[in-house]
Amino acid sequence: MELLVASAIGILTAGGLYLLLRLRTFPVILGISLLTYAVNVFLFASGRLTTAAPPILRDDISLYADPLPQALVLTAIVISFGMTAVVVMIGLGAFLGSDDDHVDDQPAPDEDKAEGTS
Amino acid sequence: MSLFILVALPFLGALLPGIMNSAGRAACAGVTFTVSLLAFLGLLTNLPAVWAGEVVTARIDWLPELGLNFTLMLDGLGFFFALLILGIGLLIIAYARHYLSRDDNMGEFFTYLLLFQGAMVGIVLSDNILLLLVFWELTSLSSFLLIGYWKHLPEGRQGARMALTVTGMGGLAMIGGMLILGQIAGSYDLSVILQNRELIQADPLYLPALILILIGCFTKSAQFPFHFWLPHAMAAPTPVSAYLHSATMVKAGIFLMARMWPVLSGTPEWFMIVTTAGLVTMVLGAVIALFKHDLKALLAFSTVSHLGLITMLLGTGTAFGAMAAMFHILNHATFKAALFMSAGIIDHETHTRDIRRLGGLRVLMPVTFVVATLAALSMAGIPLLNGFLSKEMMLEEATHTTLFGMPLLVPVLATIGSLFSAAYCFRLIGHVFLGPVRDDYPAKPHDPGPGLWLPPAILVVLVVVIGVAPFVAEPFVKMVTASVLGGEAEVPKAYFKIWHGLVPALFMSIAAVVGGLLLLAVFNPALRFWDAAPRPEAKAIFESIVEAVARLAQALILPLHNGAFSRYAAIGAVAIVAAGFHAWSTGTVGAPTRELQPAGPVPIAGWLMLVAATGGMVLMHRNRLLSLILIGIVGLMVSIGFVFFSAPDLAMTQFTVEVVTIILLLLALNFLPKTTPVESTVLRRVRDAGIAIAGGLATFALAYHYLLRDAVTTPISEFHLANSYKGGGGTNVVNVILVDFRGFDTYGEIIVLGIAALLIYALTETLLGGPVRARLLNRKPDQPRAGDMHPMMMVVLTRVIMPVILMVGFYIFLRGHNEPGGGFISGLVVSIAVVMQYMASGFSWTSARLRYPYHGVIGAGVLIAGLTGIGSWFVSKPFLTSDFTYVRIPPFQEFELATAALFDLGVFLAVVGAVMLSLESFSRLARRAHVPDSEYPMDIDPSRDDPQPDAAAGGAR
């Protein structure tokens with residue numbers, strides 16, 4: 001089980017990183033989302049893996065999953081939605097303003113040497 | 001007056017001139033003058049204590065763990081300098097009131113001046129060397145602002161930049177030196193450091209510390225080879241030159257050398273470096289000054305020369321030298337500030353400072369003539385004026401100083417320096433005031449009003465009084481000298497007298513004055529010789545060095561920082577993985593302490609789906625809609641994973657967030673291209689894949705290793721589990737952590753979420769307000785539209801289901817404290833219910849039925865959460881302390897009422913508001929001009945404006 005979770009984190013990270021390094025905004029945003037999953041699962045896993053023991057207190061149970069990483073990840077999920085929305089908005093605004101959805105600065109044809117010499 | 005108030009007064013007062021700016025020039029200058037006067041009087045109230053030899057102190061611990069404390073002390077030396085700073089400051093403020101023209105922004109000027117004054121007072125009163133450094137840098141900054149005050153003059157801007165670069169670099173060196181010094185002494189308090197002379201001088205790091213501190217002092221006090229910035233700083237308004245560059249700031253370096261004199265001086269290194277630098281500066285400055293035609297440049301180099309003189313005196317390391325230095329600081333401040341102000345008057349009245357265009361002003365400006373001549377004669381070392389006295393003491397000291405084993409070297413050079421000094425003083429008098437009256441002045445010169453000549457005249461009165469009756473100044477100078485020496489040496493018994501008998505110093509003085517007169521007689525041939533001689537131009541050298549450094553920086557930085565996000569991301573990823581690998585390969589890993597749990601077929605199936613979806617995304621990311629569907633699968637699998645690993649709250653959150661994220665991305669994709677073109681080379685893709693695989697392996701290894709090991713120490717979760725019910729009144733520990741244990745954290749998070757939503761709203765507004773709006777309105781959709789924009793089945797279904805979802809949300813909210821659920825999740829659920837109305841029935845139909853703006857919902861949420869937290873103050877508990885009780889209202893079961901529920905309500909509202917505001921903003925972009933917003937649900941759009949004929953034809957077939 002640990003192997004499955006750890007490898008899932010690794011695969012999500014790898015996929016996220018690869019998409020993060022693409023040249024257009026949309027894949028980069030998806031890459032960031034994949035990385036968010038990876039990070040959230042990673043943080044969640046820092047409470048170690050426990051099955052069938054949710055941290056809901058019951059009288060006759062003494063074993064519970066670690067609640068703290070869950071609480072932290074819960075807010076992280078919601079915040080990451082806000083962050084994704086902002087990034088999407090910025091990317092969308094850039095595209096609508098310039099009709100170009102490259103994430104990198106595109107070299108300008110005439111002023112490529114003038115930059116940064118002053 | 002308390003020392004704290006003394007230091008704070010100018011800083012606080014700096015707020016006033018800007019406010020008073022509109023009240024008129026007199027009010028602006030008046031308020032500045034009053035602030036300085038208060039500080040001056042406050043300083044004087046400390047005089048009795050200082051006079052009695054006490055050290056007045058004040059102390060507040062600021063960052064004691066760093067050794068940085070706000071400790072101030074006032075001894076004789078500090079009092080002397082503070083007196084100069086505040087006293088001459090008063091005269092300068094009065095002078096500047098009349099000097100600045102109506103076009104100058106007076107409030108700005110006086111604000112900078114007071115900031116500078118406060119920083120200088122801070123330097124001389126600091127008892128902590130770190131605090132001193134803070135003030136030291138502040139003087140560099142405020143002097144930058146003052147030198148560049150006339151922003152329209154390129155010389156002003158260049159001079160300001162050069163001064164800041166040189167003194168700022170010196171300041172950096174000094175920080176290093178001071179840190180070393182503090183490490184050696186074990187304390188950053190001056191009072192401790194000054195007691196540890198033997199310890200510091202025996203330390204192997206003494207020499208580096210000395211050199212670094214001296215670089216700081218030399219740059220500030222314009223000592224060779226850092227002297228070149230001072231003449232260029234003369235582009236400043238004359239009051240600034242008179243204040244900063246003759247009387248105060250350039251003496252900060254000298255002050256520090258005097259302050260550190262008890263611990264740093266007396267060693268051969270100190271003697272060699274300081275005396276040599278001082279001597280060279282003195283002679284060089286005097287020689288250059290003689291041949292300068294700009295009055296202020298002449299005075300600037302003469303200042304350099306006199307600072308060199310003082311430095312040399314401090315360098316000798318004898319008590320007599322220190323006393324002479326202190327006396328000369330006093331004398332130089334009086335006559336040089338008076339001379340600068342006179343130069344300002346001449347500039348002001350004749351509109352030129354070029355000596356070659358002046359002459360004969362004696363008749364036209366008699367008052368200025370008297371003031372300037374007395375000050376210049378004092379500088380030349382003529383008896384009955386104060387400059388003579390300290391110069392005699394300097395020459396006397398020089399005859400006892402042997403440098404490089406040559407007994408004659410120092411006396412001869414000192415005499416030559418004095419000779420040139422006398423020569424340029426005579427030139428100043430002779431070529432500006434004497435000679436025939438000319439008829440080609442740029443403006444008709446006449447004496448200014450008393451506002452301009454009175455301040456220098458007051459200083460000249462001091463020049464004459466001290467010169468005629470030196471015993472007036474003697475006790476004061478000896479008191480200052482005593483605090484410089486700090487018990488390391490006895491204050492010399494020597495009396496201040498005009499006539500010492502036929503001592504060598506007298507003959508050297510006579511030689512200097514006579515030689516100076518002779519040199520002036522042959523000035524024109526000498527000038528031709530000087531102009532013909534090649535000399536290095538300091539400004540050109542400085543600028544070429546700056547240019548070279550800038551090029552180097554560009555060569556290093558631009559390839560890394562070229563505006564390509566993907567490059568930064570790649571560099572960042574590689575760096576993080578490399579750091580992790582380094583830790584991995586150098587550290588040790590303990591043995592596994594946990595058993596591997598067996599994986600059943602269901603987890604394996606889920607894992608396979610997740611891997612397949614991720615792999616599909618990477619392989620088919622060019623088809624954007626497909627990759628969006630695939631990421632939905634990934635999110636779903638993650639949610640199911642959370643369920644499986646006992647995290648029901650997380651699963652619910654992830655699931656609902658997934659829905660709104662996908663809607664959001666779909667809305668965005670509506671405007672973006674539907675496919676990603678192939679652009680990157682194969683090589684680049686291989687590189688990216690390499691980075692990605694390395695990153696994936698790293699996280700995999702890290703996760704796998706710690707999943708097999710228990711936590712090193714007991715996690716705080718034990719406490720949460722034990723106290724969730726007892727203290728928080730809830731059995732859902734995750735929710736109790738969110739709303740209770742870590743409520744403050746959650747409070748911050750909902751605020752962040754709200755800000756993010758407002759940011760999206762603001763960006764949308766900006767887009768819709770700009771040129772993008774027209775394009776959006778006339779946009780042709782790139783894919784055929786559906787004929788029924790709002791399908792009837794969906795409309796009916798969403799409306800029927802709406803109250804059900806709301807009830808589910810309500811239920812999830814209420815049970816959240818004890819069962820999985822809570823404000824976050826129910827907020828998301830309710831958002832989805834509302835979003836579905838938008839999707840099914842249309843934007844305008846839905847927004848017409850909304851009574852509350854989403855901004856208000858966010859605000860209400862944050863307010864409710866905040867007020868709940870504040871509520872606990874009324875029962876004398878800290879912010880966000882929760883309370884709960886159980887009530888029973890028949891016929892219901894007993895249930896719980898907790899303040900945490902109120903807090904959770906705030907969370908709920910903030911989440912609903914934030915999610916809805918984001919999605920609504922996106923949807924607003926989609927409204928088009930030629931399609932009127934339908935007010936009816938279930939409308940049919942018969943136009944179906946299809947952009948591509950073939951697609952339309954395909955649709956018709």
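Here is how names work: the chains are called A, B, and so on, in the same order as the sequence lines, proteins then strands, and each is numbered from 1.
Listed options A/Ala45, A/Gly31, A/Gly82, A/Gly16 were ranked by heavy-atom pairs under 4.5 angstrom with chain B; first place goes to A/Ala45. Counting heavy-atom pairs closer than 4.5 Å to chain A, the top-ranked of the candidates B/Met617, B/Met637, B/His705 is B/Met617. If you tally non-hydrogen atom pairs under 4.5 Å between each of B/Ile693, B/Leu628, B/Val911, B/Asn732 and chain A, the highest count goes to B/Asn732. Highest contact tally toward chain A, considering only B/Val643, B/Leu667, B/Val752, B/Val660, is held by B/Val660 [criterion: heavy-atom pairs under 4.5 Å]. Between chain B and the options A/His102, A/Arg24, A/Arg48, heavy-atom pairs under 4.5 Å are most frequent for A/Arg48. Highest contact tally toward chain B, considering only A/Leu20, A/Asn40, A/Leu34, is held by A/Leu34 [criterion: heavy-atom pairs under 4.5 Å]. Interface summary for chain B: among A/Ile56, A/Leu17, A/Val28, the most heavy-atom pairs under 4.5 angstrom belong to A/Ile56. Of all the listed residues (A/Ser33, A/Ser46, A/Ala38), the one sharing the greatest number of non-hydrogen pairs under 4.5 Å with chain B is A/Ser46.
Once rounded to the nearest 0.5 Å, the distance linking CG of A/Leu96 with CZ of B/Arg773 reads 13.0 Å. Atoms CD and OG, from A/Gln70 and B/Ser717 in turn, are 9.5 Å apart once rounded to the nearest 0.5 Å. Atoms CD1 and CZ, from A/Ile77 and B/Phe655 in turn, are 13.0 Å apart once rounded to the nearest 0.5 Å. Of the inter-residue distances, the one linking B/Glu749 atom CD with A/Ile79 atom CD1 reads 4.5 Å to the nearest 0.5 angstrom. From B/Tyr704, atom OH reaches atom CG of A/Leu4 across 10.0 Å, with rounding to the nearest 0.5 Å. Considering CG of B/Leu738 and CG of A/Leu74, their distance stands at 5.5 Å, rounded to 0.5 Å.
Neither the backbone nor the side chain of B/Ile750 comes within less than 4.5 Å of any heavy atom of chain A. Interface residue B/Val915: backbone and side-chain heavy atoms are both found under 4.5 Å from chain A. The part of B/Pro677 that comes within reach of chain A is its side chain, from C-beta onward, which places non-hydrogen atoms under 4.5 angstrom from that chain. For a residue to count as touching a neighbouring chain, one of its non-hydrogen atoms must lie under 4.5 Å from one of that chain's; by this rule B/Thr661 touches chain A with backbone and side chain alike. B/Leu759 touches chain A through its side chain: at least one heavy atom from C-beta onward sits under 4.5 Å away, while N, CA, C and O do not. Proximity to chain A is limited to the side chain of B/Phe922, based on heavy atoms less than 4.5 angstrom apart. Using a 4.5 Å cut-off between heavy atoms, B/Leu610 touches chain A through its side chain atoms alone. Heavy atoms closer than 4.5 Å to chain A are found in the side chain of B/Asp745, but not in its backbone. There is no contact between B/Ala914 and chain A, counting heavy-atom distances below 4.5 Å. Interface remark: B/Glu658 contributes side-chain atoms only to the contact with chain A (heavy atom separation under 4.5 Å). With a 4.5 Å cut-off on non-hydrogen atoms, B/Pro603 touches chain A through its backbone and its side chain both. For B/Arg551, no part sits under 4.5 Å from any heavy atom of chain A, backbone or side chain. There is no contact between B/Ser921 and chain A, counting heavy-atom distances below 4.5 Å.
When all heavy atoms are compared, the tightest approach of B/Ser627 to A/Leu30 is OG-CD1, 3.3 Å. Of all non-hydrogen atoms in A/Ile9 and B/Ala703, the two that sit nearest each other are CD1-CB, 3.8 Å.
A tilted orientation is assigned to the rings of B/Phe645 and A/Phe44, their planes being inclined by 30° to 60°.
Less than 6.0 angstrom separates the ring centroid of A/Phe42 from the ring centroid of B/Tyr706. Residues B/Phe671 and A/Phe95 place their aromatic rings such that the two centres sit no closer than 6.0 Å.
By the 4.5 Å heavy-atom criterion applied to side chains, A/Leu3 and B/Phe700 are counted as neighbours.
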